[in-house]
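In this chain, numbering begins with 1 at the start of the sequence shown. Just so it is clear, the model here is predicted, and its values are computed rather than measured.
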Amino acid sequence: MLESTLFKAGSFVYSHFYPDYHSKKVYHLLIANQRNKGAIENVEVVETKLKERFGKQMWLEVCYLMDYSVDQLVPMLGRTDLLMAVSGNDLMFSIFMLPGSVVIEVDRNAPSTSLYGEFVESTGLSYLFLKANDVCHSKKKCPKKTMNLRNCTIEYEDCEKSVGDALRIVREKKYQDISVIP
């Protein structure tokens with residue numbers, strides 16, 4: 001955890017980002033999506049329903065992390081309390097999130113052996129898993145060996161439960177026992 005903390009601190013200085021550890025009334029959920037391969041196909045429906053359900057507690061944003069430079073990513077993720085992303089590279093950007101934040105991995109496979117989960121927890125973050133449904137419009141275009149590059153959908157009820165659990169974790173771990181040296 002020391003290495004990730006030093007990397008994070010250096011990144012914050014590099015991008016001129018100074019974290020705010022004060023308790024919040026509105027939390028930031030960032031859903032990282034992909035444009036083509038590995039996308040959450042029903043993200044708009046999930047986004048709309050989550051905004052209806054958690055609108056007063058949470059500011060929700062859907063974006064494509066690959067569109068941003070490091071200077072933009074560091075402060076964006078430093079302010080993010082909950083990150084939801086399909087299993088893959090986008091989860092690695094959680095390194096810029098503050099301790100006590102939550103990462104929700106969206107994947108089709110069982111969470112028992114998630115390397116991303118181990119990475120997330122080793123950097124001081126909490127990890128949750130959200131089961132996805134595989135979407136394959138053509139068996140010829142979706143060979144089994146490229147499973148992580150196939151699009152998926154998520155069930156809203158499962159997503160709502162994961163987000164609710166994540167909000168509780170953030171309240172308890174990120175903003176409860178804060179001791180910051182002035």
Using atom types as modelled and distance alone, determine if a side-chain donor or acceptor of [X] lies under 3.5 Å from a backbone N or O of [Y].
| X | Y | result |
| --- | --- | --- |
| Q72 | S69 | yes |
| D81 | H28 | yes |
| N151 | G38 | yes |
| N42 | I154 | yes |

On a heavy-atom basis, which atom in [X] and which in [Y] lie closest, and how many Å separate them?
| X | Y | answer |
| --- | --- | --- |
| L128 | S162 | CD1-O, 3.6 Å |
| S126 | V120 | O-CG1, 3.7 Å |
| A39 | Q34 | CB-O, 3.2 Å |
| E160 | F54 | O-CZ, 3.7 Å |
| M84 | C159 | CE-SG, 3.5 Å |
| S11 | F96 | OG-CE2, 3.3 Å |

Cationic N near anionic O, under 4.0 Å, [X] to [Y]:
| X | Y | result |
| --- | --- | --- |
| R168 | D165 | yes |
| D107 | K131 | no |
| E47 | K51 | yes |

Would [X] end up clustered with [Y] when hydrophobic side chains under 4.5 Å apart are linked, directly or stepwise?
| X | Y | answer |
| --- | --- | --- |
| L82 | V26 | no |
| V170 | W59 | no |
| V45 | I104 | no |
| L77 | Y64 | no |
| F7 | L98 | yes |

Please report the C-alpha distance between E105 and Y127 in whole Å, then the side-chain angles of each, then the deciding distance to 0.1 Å, and finally whether the side chain to side chain donor-acceptor pair (under 3.5 Å) criterion is met. CA-CA 8 Å; E105 178 181 11; Y127 170 81; 2.3 Å; yes

Do [X] and [Y] have side-chain heavy atoms sitting under 4.5 Å apart?
| X | Y | answer |
| --- | --- | --- |
| M97 | L83 | yes |
| I40 | C152 | yes |
| L73 | F93 | yes |

Could you work out, with salt bridge (charged side-chain N to carboxylate O under 4.0 Å, His left out) as the rule, every residue matching R171, not counting sequence neighbours?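 Not a single residue meets the salt bridge (charged side-chain N to carboxylate O under 4.0 Å, His left out) criterion with R171.
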
Looking at residues at least two apart in the chain, or sitting in another chain, which of them share a side chain to side chain contact (heavy atoms under 4.5 Å, CB included) with P99?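 K8.
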
Going by the rule side chain to side chain contact (heavy atoms under 4.5 Å, CB included), which residues pair with N89 if we only count those two or more places apart in sequence or in a different chain?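 In terms of side chain to side chain contact (heavy atoms under 4.5 Å, CB included), with neighbours along the sequence ignored, N89 is linked to no residue.
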
Geometric class of the F17/F12 ring pair [parallel <30°, tilted 30-60°, perpendicular >60°]: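 Geometry flag for F17 against F12: perpendicular rings.
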
